[in-house]
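Data block below; observations after.
Residue numbers begin at 1 in each chain, while the letters A, B, ... track the order of the sequences. Atoms considered below: every heavy atom in the structure, side chains included; atoms not considered: hydrogens, waters and symmetry mates.
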Protein chains: 2
Amino acid sequence: MTYSIAEAASSSGLSIDTLRYYERIGLVEPPARDPGGRRAYSDDDMAWLGFLTKLRTTGMPIRRMREYAHLRHAGLATAGRRKEILIEHRSDVLERIAELQNCLEVLNYKVANYERCERDLAGQEPYLVHEESA
Amino acid sequence: MTYSIAEAASSSGLSIDTLRYYERIGLVEPPARDPGGRRAYSDDDMAWLGFLTKLRTTGMPIRRMREYAHLRHAGLATAGRRKEILIEHRSDVLERIAELQNCLEVLNYKVANYERCERDLAGQEPYLVHEESA
DNA sequence: AGTTGACCTGGAGTGCACTCCAGCTTCTAA
DNA sequence: TTAGAAGCTGGAGTGCACTCCAGGTCAACT
C-alpha cells in the first residue's frame with residue numbers, strides 16, 4: 001500500500017509543506033516515487049511519520065529527532081543509544097507534565113478567586129472589592 | 001520592599017533581557033525607578049511576574065498574556081473576561097497534559113520494545129533480530 | 001581619581017519550525 | 001483536448017520569543 005503526500009499529511013497531522021521540509025532536512029528518508037515522480041509513502045514511512053509526530057508533540061527538538069532518525073538508519077548497532085534517547089526524552093516529558101500540573105493548581109486557585117469575587121459581588125452589591133494582586 | 005532587575009529575574013526565572021522585553025511590549029507595567037534610574041520592582045510586580053511565568057510555562061502565547069494584562073490594568077469591570085481567559089487556558093492545559101500522557105504510552109511501548117530486543121539478544125546471541133518498523 | 005560591576009537605551013540579530021511562492025509537470029475527468 | 005486539481009523544485013519569507021550588542025550612566029569601593 002502506498003500513500004500520496006496529501007494522505008501522509010492528513011494521516012500524520014503534518015502539513016504537506018512540513019513533510020517536504022522534513023525530507024529536506026533529513027528527518028525522513030525520501031519516500032519512493034510513483035511513475036509520475038510523485039511521492040509514494042509506504043506503510044513503514046507512515047509508521048515512522050506517526051512516531052515522529054509523537055516526538056514532536058512531546059516537544060523533542062528537530063535536532064534530536066534527526067539524531068534519532070540517523071541512528072535508526074544506521075541499524076541495530078545503535079539500538080542502545082536510541083533507547084537512551086527515548087528514556088531521556090520520556091523523563092523530560094514526565095517533568096513537563098509535572099510542571100503543567102503544578103501550574104494548573106495556580107490556575108485553579110485563580111479561577112476560584114474570580115468566582116469568590118463574583119459571589120461577594122452578588123451578595124451585597126457594590127462596595128469594597130479588592131483586586132487580588134497576584 | 002523593592003527588588004533590582006537581577007533579583008526579579010532570578011526569582012521569576014525570566015532573564016533580565018526578557019524582563020525588559022516584556023516591559024517594552026506592554027506585558028508588564030514599567031516598574032518604579034530608584035533615584036539612580038534603575039528599575040525597582042515591588043512585591044506586586046514580583047507576584048505578577050510569578051503568575052506570568054505560570055502562564056508562559058503552560059504555553060500561553062504572549063499575545064494572550066498581553067490581553068490578560070491589559071484587562072487586568074483596566075480594573076474590576078474586566079474580571080469576567082479574565083476569568084473566561086483563564087478557564088479557557090486551563091482547558092487547553094488539561095488537553096495538553098492528556099496529549100502528553102498519550103504520547104508517553106507510545107514512548108513506554110518503544111522503550112519496552114528495545115528492552116525486549118536486548119533480552120532476546122542476550123538470550124540466544126545473534127541470529128534473526130527484527131528492527132521494529134514504527 | 002579610577003576601576004569595577006550592575007544597570008540603562010535603542011536597535012539589530014538569532015534560532016526554531018515551519019510556510020509560502022513562482023513557475024513548472026502530470027494526472028483525471030468532462 | 002483541455003481545464004482543473006494535485007504535485008514538483010529551489011528558494012524566500014514568516015512569526016514567535018527572545019537574546020545580544022554598543023555605547024553610555026551610576027554607585028561603591030580602593
message = Within the 4.0 Å heavy-atom criterion, would you say B/R63 contacts the bases, only the backbone, or no part of the nucleic acid?
response =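 Sugar-phosphate only.
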ask   = So what does A/R39 touch, heavy atoms closer than 4.0 Å: a base, only the sugar-phosphate, or nothing?
value =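 Sugar-phosphate only.
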Can you tell which of [options] lies closest to the side chain of [X]?
| X | options | answer |
| --- | --- | --- |
| B/D17 | C/dT19, D/dC20, C/dC7 | D/dC20 |
| A/I62 | C/dC18, D/dT9, D/dC18 | C/dC18 |
| B/P61 | D/dT19, C/dC8, D/dA17 | D/dA17 |

Side-chain-base donor-acceptor pair under 3.5 Å for B/R38 and D/dC26 =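 For B/R38, whose side chain was compared with the base of D/dC26, there is a donor-acceptor pair (under 3.5 Å).
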key: Base of C/dG11 paired with side chain of B/R24 (donor-acceptor, under 3.5 Å)   =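 Indeed, a donor on one side and an acceptor on the other fall under 3.5 Å apart.
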Check whether any side-chain N or O of [X] sits under 4.0 Å from OP1 or OP2 of [N], and answer yes or no.
| X | N | answer |
| --- | --- | --- |
| B/Y22 | D/dC18 | yes |
| A/R56 | C/dC18 | yes |
| B/R33 | C/dT9 | yes |
| A/S4 | D/dA6 | no |

Rounded to whole angstrom units, what separation is found between the [atom1] atom of [X] and the [atom2] atom of [N]?
| X | N | atom1 | atom2 | result |
| --- | --- | --- | --- | --- |
| B/I5 | C/dG5 | CD1 | C1' | 15 Å |
| A/E23 | D/dT9 | CD | C1' | 11 Å |
| A/D34 | C/dT25 | CG | C1' | 12 Å |
| A/Y21 | D/dA12 | OH | P | 16 Å |
| B/I25 | D/dC18 | CD1 | P | 8 Å |
| B/L19 | D/dC20 | CG | P | 14 Å |
| A/L27 | C/dC16 | CG | P | 14 Å |
| A/E7 | D/dA5 | CD | C1' | 15 Å |

request  = For B/R20 and for B/M60, locate the closest nucleotide of DNA chain D by heavy-atom distance; then report the residue assigned to the nucleotide nearer the 5' terminus.
outcome  =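 Nearest-nucleotide comparison on DNA chain D picks B/M60.
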Quick one: side chains of residues 56-65 of chain A, donor-acceptor pairs under 3.5 Å with protein atoms, not counting sequence neighbours, listed by atom name and distance.
{"from": "A/T57", "atom 1": "OG1", "to": "A/T53", "atom 2": "O", "distance (Å)": "2.7"}
{"from": "A/T58", "atom 1": "OG1", "to": "A/K54", "atom 2": "O", "distance (Å)": "2.8"}
{"from": "A/T58", "atom 1": "OG1", "to": "A/L55", "atom 2": "O", "distance (Å)": "2.8"}
{"from": "A/T58", "atom 1": "OG1", "to": "A/H89", "atom 2": "NE2", "distance (Å)": "2.7"}
{"from": "A/R64", "atom 1": "NH2", "to": "A/E88", "atom 2": "OE2", "distance (Å)": "3.4"}

message = Would you say that B/T2 contacts B/D43 through its side chain, given a criterion of any heavy-atom pair below 4.5 Å between the two side chains?
response =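 No; the side chains remain at least 4.5 Å from each other.
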inquiry  = Would A/R116 and A/D120 count as a side chain to side chain contact (heavy atoms under 4.5 Å, CB included) here? Give the steps.
reply    = CA-CA 6 Å; A/R116 193 182 47 65; A/D120 289 0; 3.2 Å; yes
query = How many angstroms lie between CD1 in A/I16 and OG1 in A/T18, if you round to the nearest 0.5 Å?
reply =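 Interatomic distance, A/I16 CD1 to A/T18 OG1, rounded to 0.5 Å: 10.0 Å.
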Which residues share a side chain to side chain donor-acceptor pair (under 3.5 Å) with A/E84, sequence neighbours left out =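 In terms of side chain to side chain donor-acceptor pair (under 3.5 Å), with neighbours along the sequence ignored, A/E84 is linked to A/R81.
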